[in-house]
Amino acid sequence: TVAGGAATGPGDGGSAGLAFLNKPTGVTLANDGSLIIVDQGDQRIRKVTTNGIISTLAGTGMASFQNGSGAQAAFNFPEQAKMDANGNLYITEVLGHRVRKIDTTGNVTTLAGSGTDGDSGDGCSLNAATFHQLYGLAIDGGGNVYVSDSQADRVRRINVSTGCISTIMGNGTPGFAGDGTPNATLNGPQGLAYDPNSDILYVVDAGNERVRMLTHASTGVNSQVNTFAGCGTPGTSTCTSNISSTPVTAINAPLYNPQDVAMGPDGVYILDVIRVSTAAFLSVIYRVDNTGTMTTLYSLGTNGGFLGS
């Protein structure tokens with residue numbers, strides 16, 4: 001265990017393994033090798049140094065909205081975090097309906113979002129943009145920030161340099177369409193990952209039980225959407241319900257409730273959650289390599305024991 005496990009907390013200044021975490025929802029590596037944790041239930045952004053010491057970067061512990069220094073800033077159910085090449089940390093807020101930024105001095109500001117629950121505001125006034133339920137977040141090499149709005153069924157790109165925001169996937173209506181075209185219909189998009197080597201954005205299309213991919217994501221020029229992994233609803237005529245213990249072609253494999261996606265040194269990693277009974281779930285991590293082959297790496301059941309290798 002890297003962090004968490006204590007019954008009380010928060011444990012700042014001590015060993016991360018003895019700290020209290022309250023429903024952590026996101027983790028990401030900082031540029032200095034430390035681990036950033038979105039401690040959603042505690043309304044804080046935490047940091048674990050390379051020697052295992054935990055501290056609070058920002059957040060008062062109360063669900064609210066306040067910009068300012070880290071100790072004074074408040075979040076309203078932060079969800080995911082990613083750091084850009086310059087050391088700025090961006091955070092999506094589920095109930096705050098905003099994208100927040102922590103700069104290298106620890107100051108917290110709002111990048112985008114008025115705080116109003118909505119689905120509007122594409123254009124060059126980031127403070128006027130509205131979001132329903134922000135979830136995933138990714139950053140490309142040019143510093144563009146991508147966010148998924150799972151209730152608005154959209155993925156939007158924020159050009160930090162120009163201060164403009166645009167919808168790049170989805171149209172606000174849930175559905176599945178658009179493979180092979182520049183326009184995709186999504187159903188509850190969640191986790192995002194960006195591959196700087198190929199300029200591809202990977203999108204967990206949770207309601208469609210798939211991971212989609214958008215080419216030329218940073219420019220939008222000649223972009224095309226395709227399914228990267230998942231065959232649709234498991235158990236249907238076009239999608240098996242069987243989880244293979246051997247490598248399979250990713251687009252022919254079932255995904256039950258995909259949650260997140262990440263880039264790794266040897267492929268794309270996908271987190272899927274499978275309900276095995278009324279009260280039991282199986283979390284599975286897959287890797288898809290550059291040939292499109294999907295392999296099961298780890299599985300973890302609700303009994304707390306590792307079920308795979």
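Since this is a predicted model, take the numbers as computed values, not measurements.
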**OP:** Measure the NE2-NE2 distance between His97 and His132 for me, rounded to the nearest 0.5 Å.
**Re:** 9.0 Å
Original post:
With no hydrogens and no angle check, is any side-chain donor or acceptor of Asn86 less than 3.5 Å from a backbone partner on Asn88?
Top reply: no
Subject >> Salt bridge Asp140-Arg157, side-chain N to carboxylate O under 4.0 Å >> reply: no
Subject >> Any Asn257 side-chain heavy atom under 4.5 Å of Gln259 side chain >> reply: yes
**OP:** Check Gly170 against Arg154 and note the closest heavy-atom contact, atom names and distance.
**Re:** O-NH1, 4.0 Å
**OP:** Taking all heavy atoms of Tyr194 and all of Ile139, pick out the closest pair and write down the distance.
**Re:** CD2-O, 3.7 Å
Subject >> Stepwise side-chain contact (heavy atoms from CB on, under 4.5 Å) check, Gln43 with Thr60 >> reply: CA-CA 7 Å; Gln43 313 296 336; Thr60 62; over 6 Å; no
Subject >> N/O donor-acceptor pair under 3.5 Å between Thr116 side chain and Gly118 backbone >> reply: no
Original post:
Between the side chain of Thr25 and the main-chain N/O of Glu79, is any donor-acceptor distance below 3.5 Å?
Top reply: yes
Original post:
Between the side chain of Asp199 and the main-chain N/O of Ser218, is any donor-acceptor distance below 3.5 Å?
Top reply: yes
Original post:
Checking Asp149 side chain against Gln133 main chain: does a donor-acceptor pair fall under 3.5 Å?
Top reply: yes
Original post:
Less than 4.0 Å between a side-chain N and a carboxylate O, is that true for Arg44 and Asp39?
Top reply: no
**OP:** Give a yes-or-no answer on whether the side chains of Asp122 and Thr167 include a donor-acceptor pair shorter than 3.5 Å.
**Re:** yes
Subject >> Cluster overlap Tyr298 with Leu271, hydrophobic side-chain contacts below 4.5 Å >> reply: yes
**OP:** Among Ile45, Leu89, Val108, find the residue that satisfies the side chain to side chain contact (heavy atoms under 4.5 Å, CB included) test when tested with Arg100.
**Re:** Val108
**OP:** Locate the shortest heavy-atom distance separating Gly175 from Asn208; write the atom from each residue and the value.
**Re:** O-ND2, 2.9 Å
**OP:** May I have the step-by-step check of side-chain hydrogen bond (donor to acceptor under 3.5 Å, both in side chains) for Thr295 and Asp289, ending in yes or no?
**Re:** CA-CA 8 Å; Thr295 305; Asp289 65 21; 5.7 Å; no
**OP:** With rounding to the nearest 0.5 Å, note down the distance linking OG1 in Thr109 to NZ in Lys101.
**Re:** 5.5 Å
Original post:
Linking I/L/V/M/F/W/Y whenever any side-chain heavy atoms sit under 4.5 Å apart, do Val99 and Val38 land together?
Top reply: no
Original post:
Is there a donor-acceptor contact under 3.5 Å linking the side chains of Asp32 and Ser34?
Top reply: yes
Original post:
Are any side-chain N or O atoms of Thr110 and backbone N or O atoms of Ala112, one a donor and one an acceptor, separated by less than 3.5 Å?
Top reply: no
Original post:
Would a 4.5 Å heavy-atom cut-off, applied to side chains only, mark Tyr286 and Val268 as touching?
Top reply: no
Original post:
If Ile, Leu, Val, Met, Phe, Trp and Tyr residues are connected whenever their side-chain heavy atoms lie under 4.5 Å apart, and connections chain through other members, are Tyr90 and Ile158 in the same group?
Top reply: yes
Subject >> Tyr202 side chain to Asp205 side chain, donor-acceptor N/O pair below 3.5 angstrom >> reply: no
Original post:
Checking side-chain contact (heavy atoms from CB on, under 4.5 Å) for the pair Val284/Ile243: CA distance, chi angles, key distance, verdict?
Top reply: CA-CA 10 Å; Val284 183; Ile243 301 173; 5.5 Å; no
**OP:** Compare every heavy atom of Val48 with every heavy atom of Ile54, then report the nearest pair and how far apart it is.
**Re:** CG1-CG2, 4.0 Å
Original post:
Passes side-chain contact (heavy atoms from CB on, under 4.5 Å), Leu282 versus Tyr256? Steps please.
Top reply: CA-CA 10 Å; Leu282 182 67; Tyr256 282 78; over 6 Å; no
**OP:** Please tell me if the side chains of Thr181 and Val225 come closer than 4.5 Å, counting only heavy atoms from C-beta onward.
**Re:** no
Original post:
Considering all heavy atoms of both residues, which atom of Asp84 and which atom of Asn31 are nearest to each other, and what is their separation?
Top reply: O-ND2, 3.1 Å
Original post:
Which of these passes side chain to side chain contact (heavy atoms under 4.5 Å, CB included) with Leu35: Thr28, Val2, Thr50?
Top reply: Val2
Subject >> Any side-chain donor near an acceptor of the partner, Ser120 and Thr130, under 3.5 Å >> reply: yes
Original post:
Are Leu126 and Val160 connected in a single hydrophobic cluster, I mean Ile/Leu/Val/Met/Phe/Trp/Tyr linked by side-chain heavy atoms less than 4.5 Å apart?
Top reply: yes
**OP:** Please report the shortest heavy-atom distance between Ser198 and Asp195, naming the atom on each side.
**Re:** OG-OD2, 3.0 Å
Original post:
Is it true that the side chains of Thr105 and Asn107 contain a donor and an acceptor less than 3.5 Å apart?
Top reply: no
**OP:** Examine distances only and state if a side-chain atom of Ser150 and a backbone atom of Gly188 form a donor-acceptor pair shorter than 3.5 Å.
**Re:** no
Original post:
Under a single-linkage definition using a 4.5 Å side-chain heavy-atom cutoff for Ile, Leu, Val, Met, Phe, Trp and Tyr, are Ile274 and Val261 assigned to the same hydrophobic cluster?
Top reply: yes
Subject >> Verdict with supporting geometry, Lys47 and Thr56, side-chain contact (heavy atoms from CB on, under 4.5 Å) >> reply: CA-CA 6 Å; Lys47 176 181 178 179; Thr56 295; over 6 Å; no
Subject >> Any donor-acceptor N/O pair, Thr249 side chain to Asn252 backbone, under 3.5 Å >> reply: no
Original post:
Heavy-atom count around Asp266 CG within 6.0 Å, excluding the residue itself: above 12?
Top reply: yes
Original post:
When rounded to the nearest 0.5 angstrom, what is the spacing between CZ in Arg210 and CD1 in Ile270?
Top reply: 13.0 Å
Using atom types as modelled, flag every donor-acceptor pair under 3.5 Å from a side chain in residues 226-237 to any protein atom, sequence neighbours excluded.
from	atom 1	to	atom 2	distance (Å)
Asn226	OD1	Gly180	N	3.3
Asn226	ND2	Gln224	OE1	3.0
Thr227	OG1	Asp179	OD2	2.6
Thr233	OG1	Glu209	OE1	3.4
Thr236	OG1	Thr233	O	2.8

